[in-house]
Amino acid sequence: MSPLNQDDKLRQLSSVTTTIGVALFLLLSFRNNAAFTRWQTGTDRFKNFCHLGKNLARVIAGNLSSYIAVGGREVAYDLVLERLNWIMVALEMGRQHLRDERNQQNLLDLLPPEEVEVLHADRDPVLYCMYKVLDMDRKYVVNKCNEWMRSCDTMYMEFCACINVYSTPIPFAYIAHLRTFLALWLACVPWVYVIYYQWYTIPLCLVIGYGIIGVEEAAAEVEQPFGRDFNVPGSVGAGLASMRFTS
Amino acid sequence: MSPLNQDDKLRQLSSVTTTIGVALFLLLSFRNNAAFTRWQTGTDRFKNFCHLGKNLARVIAGNLSSYIAVGGREVAYDLVLERLNWIMVALEMGRQHLRDERNQQNLLDLLPPEEVEVLHADRDPVLYCMYKVLDMDRKYVVNKCNEWMRSCDTMYMEFCACINVYSTPIPFAYIAHLRTFLALWLACVPWVYVIYYQWYTIPLCLVIGYGIIGVEEAAAEVEQPFGRDFNVPGSVGAGLASMRFTS
Amino acid sequence: MSPLNQDDKLRQLSSVTTTIGVALFLLLSFRNNAAFTRWQTGTDRFKNFCHLGKNLARVIAGNLSSYIAVGGREVAYDLVLERLNWIMVALEMGRQHLRDERNQQNLLDLLPPEEVEVLHADRDPVLYCMYKVLDMDRKYVVNKCNEWMRSCDTMYMEFCACINVYSTPIPFAYIAHLRTFLALWLACVPWVYVIYYQWYTIPLCLVIGYGIIGVEEAAAEVEQPFGRDFNVPGSVGAGLASMRFTS
Amino acid sequence: MSPLNQDDKLRQLSSVTTTIGVALFLLLSFRNNAAFTRWQTGTDRFKNFCHLGKNLARVIAGNLSSYIAVGGREVAYDLVLERLNWIMVALEMGRQHLRDERNQQNLLDLLPPEEVEVLHADRDPVLYCMYKVLDMDRKYVVNKCNEWMRSCDTMYMEFCACINVYSTPIPFAYIAHLRTFLALWLACVPWVYVIYYQWYTIPLCLVIGYGIIGVEEAAAEVEQPFGRDFNVPGSVGAGLASMRFTS
Amino acid sequence: MSPLNQDDKLRQLSSVTTTIGVALFLLLSFRNNAAFTRWQTGTDRFKNFCHLGKNLARVIAGNLSSYIAVGGREVAYDLVLERLNWIMVALEMGRQHLRDERNQQNLLDLLPPEEVEVLHADRDPVLYCMYKVLDMDRKYVVNKCNEWMRSCDTMYMEFCACINVYSTPIPFAYIAHLRTFLALWLACVPWVYVIYYQWYTIPLCLVIGYGIIGVEEAAAEVEQPFGRDFNVPGSVGAGLASMRFTS
């Protein structure tokens, strides 16, 4: 075989870089799609959880007149307000759980301190809230239509869908491979261009590196859809306001 | 290393351009798919919201005979017409909310002015309309079958799906990266062709730029499916006509 | 810069063609996927609409014995046959609406002429048929189980899904861009090959053009899933036969 | 223009081949995705059809005690066993319909010969079986809860989903185009390599051809998910065993 | 035709490698998407199975007060605890079935030995547990609302979805083809680089081979989502704790 000089070897590197680059872009595209799907699912499901909470509040408020007929105005109002309160606690607990934060104050506005402790001690506080929403004196239970129980089920399952997104990461094997290819590719790129551009290779590689790593970072950020940027408080606030109105 | 002349450097630029181009096309394809999915979802869900409204009107009109049996012909007709009216208000409010417009006149045709104000003051006017559709005197409530309540729930959830599309943009990180790559790529392209085509490069780059930016613009337009072009009024008009008929 | 001769310029065109080609293939692939999804959805939903009609006929026929108990054999048979008839009209009207045809004869076989006119005057004839299926004398209404009403809702919503496919085209911006790129690419291709193959370029370009335009045409045809080729009459015929049997 | 010798023309063919190759791979990828989706859907839906049959058998068996209360032990057992038998017939008929086979013996094990003939004469035998599962003497009908009727509906709709997969082929236009491109590409490939490898081109093209045609064949096989290889009998056998147990 | 020397032939091999490489990457991308979808589906469905179990436990515990009214405190508690026990057995059996393990001890903690044997003898133990959850003395049956039966159905169907993922592999034809192309491509790669890099080809090919085979292996691992790494025990443990609490 004919010996090659240094330059020809570097020139040939371009073909290796292309091969790695194709694998890298396929993985990157796969990663981004998976992360975006997570983000879409997480966001949609959490919003649905809030909307279902509001809708359930409407259904409960709509039953007010039948409660009045059974137990009097006073008792019925208390009953409905307690249900609405527990729905708000469920929304707040769901939000805090998914965002890994503990905002004691928001809960104390809604519940007495001993209840908050019971709630924090429970393994699945949202399910406990759902249980509390449905739990009431027997003579009112007959008025509880099936529709209501189904709404609770649906609402809890939407929360579970959020939990699934939260607790099922993208398989680590993919991310590990993606990063290996990314490192290899970024290591090859400068040698491909250095023979043509000499010192200009440095800014060129910075731009390319910034671009590619940026895409990877975007995927990493989008992967956890329940971050700090997510404006849940507004939704919950609107939910609260709307509930208070309907009652 | 061997020094290169100016032309060779430009020639080599073509490989940089290709690398950026591949990343650009992947991002563009990703963006377009996401935007198209939003458009498809938004359009389908909004149409379903209208269809469910019409279907709910059919169900309510189908209960007319049992209302007549309970409260007499006069009262029953009023009751049903009021429900249908609130469904129309829900459709109109949903449309105005999603299109960010305030057409006071359309609402005043359907409701007395004080009700319109209450509606505008509410945080979630569509939910308020749903509440009003179901809210009626106790002796009719017993006739309200579960089916009807479920239709209201489904209809509201379809509206919420529209709201989710409306309020969850495509993550900004992707769009920012896409535009960076687009700008870089468009900046590189002329230097690749100028050595071969001299002045003809200008029209050539205009055509290519128009094409690529056009695709990006198409995605940006499709991303918001509830725009002015969307012929909702026709749907709502048809809905109205159909409701009036059935009553 | 070094001047290039005519041939070198043409040779370089190949790189422009490749760039346009990549964009073209991405758009073509996107278009085909969207069209195929429409086709799949439209076909599945329409078939489900027919299947649900058959299933609803089964449910109604299964209630025959309770109708006989309420109103006698004669009346019950008439009642059930009238429901089945309206289901068949709904299927026929759905088919005609989606295929933009007006086959008066098929309808006159099922309904008296004045009913056909009322049906044609209605804005949403399928909803009207659904209304008619459920509309009956009050003493039978109590026997109408919820299940039946839900089947009507589901069936109507399947039809609405067809209507959504029918009335929501693929955004024009995409198709316009696709066709621009297609024209540009087809205009460039001959100049790339003419320097190598001279006269043989003509058949070569014909074959390539036939291939690419053919793919575009396949997408355009598949996009409207309710065409003439669609063997709905068979389905409806089978539906009819099956209904007659069950009654 | 400069005349080219024979070799240069062949060398240039490589670019034509690449263009055709890209179109071919896009179509092949599209075809494979569509075929795989069909396979996934068909398999899942058929398995769900079997699972729902088993579940329905459980529900029916769970109602045994209320039948005993209404009509005595003897009659109730007969009633339940007949329902289970019709479910098994539905599963068997569904399997035979989707696999285009007629195994008279399996049916005769379950039903008397005259019933088998009635079943074969029916246009939609699975629907007929569903009808038979629900059809029983009036005094038991009151015990038939809605849940049961919904299970029948769901089960039938799963079967219809299988029928949709079975009766909706991938549009022929795509397959025709795919095969045209495949033939063209395979016809070009040898001429590209023959100038470099002479006689070694023959095994090389055999390997490439085998690979590509193999992928196409895999898609064609996967497209019909209800083939002979599909181990349904096991599922049905397990279903039978499980049903017998529960009764 | 002009004879080529050895080096030119090897150089040309690069084009064959690229063709095989494109096919390989398409198949690899297809395979990874299919495997990832399986993983996502399997994980989501199994988690939903657990969540539905917990939710069902909540519903049953919520019925406690009506059972007390029918049969006294003692009996009602026993009844509810037995139901909860059977739900736990269903979760445990589902887990063991999907992970192909037999942990006798976990079951013996929940059930008496003779029941465990009956369970192991059954063909579909999860369905048997569901049957047991619903099976109770007649006077309590009237209190069993439809909602509860539907929850059992949904829970069982989620388990069936897991079973479908577990028992429907990715079609072997694809994996066979993928591995053929992988072997061919890996066999070609060294000859492409050896002329330029001589001995450095060995580490280069090791790195590339490790990368590509690693991606294939990641797909193979992700394909079976119910592996040992899957932290189900935690979920079940949490489920247990939560159930005990609510009772």
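Chain naming here is simple, since letters A, B, ... match the order of the sequence lines and numbering starts at 1 in each. Bear in mind that the values here come from a model prediction, so they are computed numbers and not experimental data. Just so you know, these numbers use all the heavy atoms, side chains as well, and skip hydrogens, waters and symmetry mates.
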When the 4.5 angstrom heavy-atom criterion is applied to A/Leu28 and chain B, the contacting part is neither
CG of A/Asn55 to CE of B/Met157, rounded to nearest 0.5 Å, is 7.0 Å
From the list A/Ala219, A/Ala218, A/Gly211, the residue making the most non-hydrogen contacts under 4.5 Å with chain B is A/Gly211
Here the gap from B/Asn33 atom CG to A/Asn33 atom CG, rounded to the nearest 0.5 Å, amounts to 7.5 Å
Between B/Pro169 and A/Trp39 the two heavy atoms that sit nearest each other are O-CH2, 2.9 Å
In terms of heavy-atom contacts, A/Ile212 and B/Phe181 come closest through N-CZ, 4.2 Å
Applying a strict 4.5 Å limit to non-hydrogen atoms, the region of A/Val222 in contact with chain B is side chain
In short, A/Tyr210 meets B/His177 closest at the heavy-atom pair O-NE2, 3.9 Å
Okay, B/Leu178 and chain A: the region with an atom under 4.5 Å from a heavy atom over there is neither
Sorted by chain and residue number, the ring-ring contact (aromatic ring centres under 6.0 Å, His included) partners of A/Phe30 (sequence neighbours excluded) come out as A/Tyr174, E/Phe36
So side-chain hydrogen bond (donor to acceptor under 3.5 Å, both in side chains) across residues 178-189 of chain A, not counting sequence neighbours, yields A/Arg179-A/Glu216
Do A/Lys47 and B/Ser167 come within less than 4.5 Å of each other through their side chains, counting heavy atoms only?
-> yes
So CG of B/Leu27 and CG of A/Asn32: to nearest 0.5 Å the spacing works out to 7.0 Å
CG (A/Asp44) and CD1 (B/Ile163) are apart, to the nearest 0.5 Å, by 12.5 Å
### Query
Ion pair present between B/Asp124 and A/Arg58, side-chain N to carboxylate O less than 4.0 angstrom?
no
Whatever's closer than 4.5 Å to a heavy atom in chain B on A/Val207 counts as side chain
d(A/His51 NE2, B/Asn164 CG) to nearest 0.5 Å is 4.5 Å
